[in-house]
Amino acid sequence: MAEVKFVLYNEPDFMLVKSIRMQVFMNEQNIKGEEEFDELDKRSLFALLFDGDSAVATARISEIPKGLKIGRIAVLKDYRGRHYGAQIVNAVVAKSIEAGADRVYVDAQNHAVNFYEKLGFRICGTELIDRGIAHTPMCIDKGDFNVEE
């Protein structure tokens with residue numbers, strides 16, 4: 001089982017977060033650096049998922065006016081298909097609930113809506129464009145979150 005570690009923006013391991021996001025969002029999805037890294041990063045908590053000694057997935061938890069929101073979920077291409085996406089999402093949702101959230105939000109890229117629905121999220125808003133990519137606002141309530149160990 002892969003291990004998840006939580007880090008802050010000003011910690012050395014944030015460079016691993018940055019590297020994964022650059023590979024996935026900037027290299028694969030052509031998002032500009034100034035759009036990928038934003039002010040929210042400075043006040044977010046980040047999850048890193050390790051396969052052995054290698055950081056292979058990341059996500060962040062940010063406080064927004066209506067509560068806690070997860071985002072910037074990325075798994076390195078060579079590690080997809082191993083359920084690391086579900087593992088990192090479940091880790092950040094669990095951490096958010098542990099921090100007191102009754103509902104956790106995510107803006108899912110449209111192609112990933114089914115992935116989030118399988119994890120218990122539901123659509124709770126209308127489509128929006130973030131960094132040039134269509135996203136669907138989704139959320140999960142504390143009572144609907146159930147991670148199978």
Side-chain angles (χ1 to χ4, degrees), residues 1-51 53-77 79-80 83-113 115-142 144-145 147:
M1 185 101 174
E3 178 191 343
V4 176
K5 176 181 179 182
F6 288 92
V7 300
L8 296 170
Y9 176 81
N10 61 353
E11 294 178 346
D13 280 348
F14 181 74
M15 296 311 295
L16 298 171
V17 170
K18 195 171 181 177
S19 174
I20 293 168
R21 284 171 49 184
M22 288 171 70
Q23 289 177 67
V24 173
F25 296 121
M26 294 170 64
N27 295 347
E28 290 180 38
Q29 298 183 359
N30 297 314
I31 293 169
K32 295 180 181 90
E34 61 271 17
E35 292 177 344
E36 175 54 32
F37 298 98
D38 58 19
E39 286 299 310
L40 216 45
D41 282 332
K42 294 176 183 169
R43 50 183 205 275
S44 296
L45 179 66
F46 300 89
L48 279 168
L49 184 141
F50 287 84
D51 180 323
D53 292 334
S54 301
V56 301
T58 188
R60 77 177 178 189
I61 303 169
S62 306
E63 193 167 345
I64 59 170
K66 59 186 174 183
L68 293 180
K69 179 179 177 180
I70 61 171
R72 300 299 201 265
I73 296 140
V75 178
L76 292 177
K77 194 175 205 169
Y79 292 88
R80 293 179 193 151
H83 304 288
Y84 288 162
Q87 193 175 340
I88 194 108
V89 169
N90 285 332
V92 291
V93 170
K95 190 74 159 177
S96 299
I97 290 170
E98 183 183 299
D102 290 323
R103 177 175 286 164
V104 179
Y105 300 89
V106 67
D107 290 338
Q109 289 188 9
N110 285 356
H111 70 83
V113 167
F115 164 79
Y116 286 100
E117 286 177 333
K118 288 177 187 169
L119 296 176
F121 283 81
R122 69 182 188 288
I123 295 171
C124 58
T126 55
E127 185 179 281
L128 56 98
I129 303 298
D130 178 26
R131 299 168 295 152
I133 298 172
H135 287 68
T136 299
M138 301 185 79
C139 58
I140 188 168
D141 291 328
K142 180 179 176 177
D144 296 330
F145 179 65
V147 178

- Minimum heavy-atom distance Ala108-Tyr116, with the two atoms named: CB-CD1, 3.5 Å
- Query: Under a 4.5 Å cut-off applied to non-hydrogen side-chain atoms, are Ile140 and Arg122 in contact?
  - Reply: no
- Closest contact, heavy atoms only, Ala57 versus Ile20: N-CD1, 3.6 Å
- What pair of heavy atoms forms the shortest contact from Ala101 to Leu68, and how long is it? CB-CD1, 3.9 Å
- Apply side chain to side chain contact (heavy atoms under 4.5 Å, CB included) to the pair Leu48 and Val4, showing each step before the final yes or no. CA-CA 5 Å; Leu48 279 168; Val4 176; over 6 Å; no
- Is Val106 close to Lys69 at the side-chain level, that is, under 4.5 Å between some pair of heavy atoms? no
- Interatomic distance, Ile88 atom CD1 to Ile70 atom CD1 [nearest 0.5 angstrom]: 10.0 Å
- Query: More than 12 foreign heavy atoms under 6.0 Å from CD of Glu63: is that the case here?
  - Reply: no
- Task: Measure the spacing between CG of Leu76 and CD of Glu28 and express it to the nearest 0.5 Å.
- Result: 8.0 Å
- Message: Strictly distance-based, threshold 3.5 Å: is any side-chain N or O of Ser19 a donor or acceptor partner for the main-chain N or O of Met15?
- Response: no
- Query: Does any non-hydrogen side-chain atom of Pro137 lie less than 4.5 Å from one of Leu128?
  - Reply: yes
- Message: In the structure I gave you, are the side-chain heavy atoms of Asp141 and Asp102 within less than 4.5 Å of one another anywhere?
- Response: no
- Query: Stepwise, does the side chain to side chain contact (heavy atoms under 4.5 Å, CB included) test hold for Val56 with Val75?
  - Reply: CA-CA 6 Å; Val56 301; Val75 178; 5.5 Å; no
- Task: Using a 4.5 Å cut-off on heavy atoms from C-beta on, say whether the side chain of Phe6 contacts that of Ile61.
- Result: yes
- Query: With the threshold set at 4.0 Å, does a side-chain nitrogen-carboxylate oxygen contact exist between Glu36 and Arg21?
  - Reply: yes
- Message: Within the 3.5 Å criterion, strictly below it, is a donor on Asp51 or Tyr84 matched to an acceptor on the partner's side chain?
- Response: yes
- May I ask you to decide if Phe37's main-chain N or O and Asp41's side chain share a donor-acceptor pair within less than 3.5 Å? no
- Closest heavy-atom pair, Arg131 versus Glu35, reported as atoms and distance to 0.1 Å, is CD-O, 3.4 Å
- Message: Is it the case that atom CE in Met26 sees more than 12 heavy atoms from other parts of the structure closer than 6.0 Å?
- Response: yes
- Query: Is a side-chain donor or acceptor of Gln87 paired with a backbone partner of Ala2 at a separation under 3.5 angstrom?
  - Reply: yes
- Message: Whether the side chain of Arg60 engages the backbone of Ala47 through a donor-acceptor N/O pair (distance < 3.5 Å, no angle test) should be reported.
- Response: no
- Note on the structure: Here the gap from Glu3 atom CD to Lys5 atom NZ, rounded to the nearest 0.5 Å, amounts to 8.0 Å
- Message: I'd like to know whether Arg72 forms a salt bridge (Lys or Arg N to Asp or Glu O under 4.0 Å) with Asp130, so could you lay out the CA-CA distance, the side-chain angles of the two residues, the decisive distance to 0.1 Å, and finally the verdict.
- Response: CA-CA 11 Å; Arg72 300 299 201 265; Asp130 178 26; 3.7 Å; yes
- Looking only at heavy atoms, which two atoms of Ile73 and Val89 are closest? And how far apart? CG2-CG2, 4.0 Å
- Query: Hey, does the Lys NZ or Arg CZ of Arg43 hover above the aromatic six-ring of Tyr9, less than 6.0 Å from the centre and inside 45° of the axis?
  - Reply: no
- Item | Any side-chain heavy-atom pair of Glu117 and Met138 under 4.5 Å | yes
- Query: Could you state the interatomic distance from CG (Leu8) to NZ (Lys42), rounded to the nearest 0.5 Å?
  - Reply: 14.5 Å
- Task: I would like to know whether Asn90 and Leu119 meet side chain to side chain contact (heavy atoms under 4.5 Å, CB included); could you show each step before the answer?
- Result: CA-CA 8 Å; Asn90 285 332; Leu119 296 176; 4.1 Å; yes
- Task: Taking the side chain as every heavy atom from C-beta outward, state whether Val104 and Phe145 have any atom pair closer than 4.5 Å.
- Result: no
- Task: Would you name the heavy atoms of Asp107 and His135 that are closest together and state the gap between them?
- Result: O-CD2, 3.1 Å
- Note on the structure: Value for CZ (Phe46) from CG (Leu16), rounded to nearest 0.5 Å, stands at 12.5 Å
- Task: Nearest 0.5 Å please: distance from the CZ atom of Phe25 over to the CD1 atom of Ile133.
- Result: 8.0 Å
